[in-house]
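Just so it is clear: chains get the letters A, B, ... in the order the sequence lines come, proteins before strands, and each one is counted from 1. None of these values were measured; they are calculated from a predicted model.
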Amino acid sequence: MELDLFVRYGPALLHGFGITILCWIAGSLGGMALGFLIACIYQWSGRWIRGLLQAYIEIVRGTPFMIQLFILYYGGPHFGLLLSPVEAGIAGFVVYGSPYFAEIFRAGFASTPKGQFEAARCMGFSEWTIVRRIVLPQMLVSITAPLTNFVIILTKETAILSVVTVPELLYETQTMAAETFTYVEPFLVLSLFYWAMVEFTSWLGRRVELRVTRHLRRA
Amino acid sequence: MPDTATSAESIITVRGLGKRYGDFQALTGVDLDVRKSEVTCLIGPSGSGKSTLLRCMNFLEAYEEGEVRLDGELIGWQEGSSGPRRPLPGRRLREQRRHIGMVFQQFNLWPHMSALENVAEALVQVQGMTKAEANGRAMAALEKVNLKDKAGNYPSALSGGQQQRVAIARAIAMEPRVILFDEPTSALDPELVGEVLNVMKAMATEGMTMVVVTHEMGFAAHVASRVAFLDHGRLVACVPPPEIFGADPADPRIRSFLQTYRERNVV
Amino acid sequence: MDFSFSTITHNLPYLLAAARWTLIISFAGMLVGLGLGILVCAARLSRHRWLSSFAALYVSFFRGVPLLVQLLAFFYILPYAGIDLPATVAAFLSIGMCSAAYNAEILRGSLQAIPAGQKEAADALGIAPFALWRRILVPQALRIGLPSHVNELILLVKVSSLASVVGIGELTRVAQNITGQTYRPLEIYLAAACVYFVINAILAYAGRMAERRLNVGGA
């Protein structure tokens with residue numbers, strides 16, 4: 001096994017890893033924000049808007065991430081959306097993740113008993129104050145697990161960004177493999193690396209989950 | 001029949017109130033006056049519309065016909081010209097609701113806040129008090145319901161009766177003009193009913209205006225100034241308690257309703 | 001922006017023809033995934049420690065590594081190991097191996113929902129463990145887990161798009177090829193997205209029908 005390969009391509013691989021992390025974090029945060037927005041609008045709007053949001057959720061969940069990326073990256077210029085690969089990757093992540101995040105938040109809203117909304121409305125709370133002070137703090141316990149779960153799933157989806165030439169870890173590995181005509185070792189090492197990364201984020205996720213729930217349980 | 005007293009002394013006036021859920025007519029042409037410093041009890045068989053009537057008073061249920069007024073101000077709808085009524089903007093409705101307290105059957109305390117925080121929350125968020133001011137007022141309210149020593153407890157660490165008393169303190173602290181009670185003791189174990197009713201009795205003595213939907217006929221008979229009897233969404237009578245709980249109530253519907261209680265030796 | 005519907009109508013037959021391969025890969029992948037998943041699940045629940053640890057490792061690895069990386073590694077390793085397989089077969093084998101990890105976990109969850117009394121009843125009747133699994137436990141578990149397995153199948157339809165990266169002419173790949181000729185990425189990828197969406201909507205509907213039917217039969 002040619003280990004010096006990894007030394008030679010170390011900087012490139014490291015850079016790729018950085019891009020992977022960047023896309024993952026930016027995409028997760030953006031997707032979470034958009035999902036939260038969708039869930040909020042859903043909660044407080046009428047049938048028509050709800051139908052529209054539901055359609056958005058179903059369509060995004062019913063199509064492959066790769067096709068979504070292609071539409072954004074290659075189709076984007078046709079409606080005036082010119083994105084660099086990394087921008088397209090992050091935007092793709094935001095769109096792709098938003099319906100899943102929205103469903104998690106929606107379930108969180110639904111899990112708050114109706115009476116608690118009523119009690120707050122009776123006292124003259126604004127809807128935003130209700131979300132901020134009553135719903136979110138309670139929801140935190142029930143949504144942390146599915147939220148971290150999905151964020152972990154997104155770690156793996158970063159690999160798909162390589163198909164729109166985002167210079168992330170898989171892309172850099174493929175470049176290295178093509179330039180040196182070695183395929184088996186790099187991909188075995190890459191597999192182990194992703195495995196370790198996912199296991200690590202899972203472990204981190206469980207820690208976060210424990211932390212959040214413990215705080216609220218003690219309180 | 002509908003109360004015809006002058007509305008000068010009444011805080012809430014209900015006129016021609018109608019509410020339907022799809023095909024079900026929940027309320028029909030209800031007229032009612034809730035007078036200042038009085039306790040008005042709403043009684044009647046289940047499904048008679050008493051809770052709906054109560055929930056129309058703070059617009060938790062949007063009524064379609066008639067009107068509810070608090071000190072002359074129309075609740076929930078925009079005052080004005082003919083044609084379809086438009087609901088008040090959220091901010092105005094919230095402003096109205098600040099003056100109408102409500103206590104629920106299921107308490108509806110917020111489980112992630114201590115008793116004190118439950119009471120103080122709206123004072124900070126809605127009335128804009130500082131935290132210190134709010135805590136002071138909240139403590140005073142908890143003292144009124146004899147729960148000063150439980151201020152730091154979370155709802156899960158309180159009995160049902162204590163939770164309901166916190167909920168009452170939460171309503172009192174807002175210093176509302178009237179407090180609505182929606183079957184406040186129905187979710188409680190029998191031995192805990194008394195402590196809640198005692199707190200309500202004390203509030204009545206202090207002159208708080210209260211509207212109480214209840215199945216506690218003893219409370220209605222002894223504490224209420226007026227008792228309103230509803231049946232099938234209509235107000236049958238709104239009279240002083242003796243006229244209902246006396247030897248021979250005039251209306252056969254009241255008689256048969258009370259009969260079920262007499263059989264169980266409640267009254 | 002000009003949107004050319006004629007590009008879509010003109011190329012739709014090619015896309016639909018390619019969708020056949022999408023279906024073949026995902027259904028074959030699901031079959032492999034279910035069959036292998038049952039084995040992995042059985043191993044996971046085995047009393048032999050090394051067997052159950054191996055199964056746990058299997059599940060963790062195949063769920064932890066991005067499928068695209070698995071697919072690429074599989075395609076590079078096969079010739080290295082001297083195995084010659086048609087590309088399509090290699091693709092659904094690889095997808096099936098990954099899916100087995102998920103199906104195994106779904107099965108494990110479903111098996112836990114089966115009352116322990118049934119196993120005791122079978123033991124009392126002297127039914128052998130293998131027969132107990134084949135005749136009693138697995139059929140029930142598949143029924144209990146049906147919604148999750150249908151979800152998994154829908155997921156496979158979406159991830160089958162990854163096979164385009166290793167050159168298999170399924171829906172995404174053919175869409176790419178058509179785009180290369182027509183320079184109309186927006187129209188073509190949107191059309192491809194629609195095809196994916198319709199397939200998944202039909203699968204979801206069929207799943208719900210099957211579920212209702214089984215519930216009626218079970219009750």
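- When the shell of 6.0 Å around CZ of Arg207(A) is examined, it contains 12 or fewer heavy atoms from other residues, nucleotides or ligands.
- Contact of Leu109(B) with chain A is made through the backbone alone, with heavy-atom distances under 4.5 Å.
- Atom OH of Tyr171(A) is surrounded by 12 or fewer heavy atoms from other residues, nucleotides or ligands within 6.0 Å.
- The contact between Ile100(B) and chain A is made entirely by backbone atoms, counting heavy-atom distances below 4.5 Å.
- For Ser126(A), the parts sitting under 4.5 Å from any heavy atom of chain B are the backbone and the side chain alike.
- Options Gly115(A), Gly124(A), Ala120(A) differ in how many heavy-atom pairs under 4.5 Å they form with chain B, and the most are formed by Gly124(A).
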Q. Under the side chain to side chain contact (heavy atoms under 4.5 Å, CB included) criterion, do Glu118(A) and Phe104(B) qualify, and how do the steps go?
A. CA-CA 9 Å; Glu118(A) 283 191 346; Phe104(B) 299 84; 3.5 Å; yes
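- Ring centroid separation for the pair Trp110(B) and Phe117(A) does not come in under the 6.0 Å cut-off.
- Highest contact tally toward chain A, considering only Gln125(B), Met102(B), Arg98(B), is held by Gln125(B) [criterion: heavy-atom pairs under 4.5 Å].
- Minimum heavy-atom separation, Asn108(B) to Gln116(A): CG-N, 4.1 Å.
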Q) Are Met123(A) and Arg94(B) close enough, and set up right, to give a side chain to side chain contact (heavy atoms under 4.5 Å, CB included), and what steps lead you there? A) CA-CA 7 Å; Met123(A) 311 192 75; Arg94(B) 292 201 288 277; over 6 Å; no
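- Counting non-hydrogen atoms of neighbouring residues, nucleotides and ligands closer than 6.0 angstrom, the CZ atom of Arg92(B) reaches no more than 12 such neighbours.
- Atom CG of Asp182(B) and atom SG of Cys122(A) lie 9.5 Å apart (nearest 0.5 Å).
- For chain B, the option among Arg121(A), Arg133(A), Glu127(A), Arg132(A) with the highest count of heavy-atom pairs below 4.5 Å is Arg133(A).
- Taking OG1 from Thr112(A) and NE2 from His112(B), the interatomic distance works out to 9.0 Å, rounded to the nearest 0.5 Å.
- The choice from Glu95(B), Arg91(B), Glu121(B), Gln96(B) that makes the most heavy-atom pairs within less than 4.5 Å of chain A is Glu121(B).
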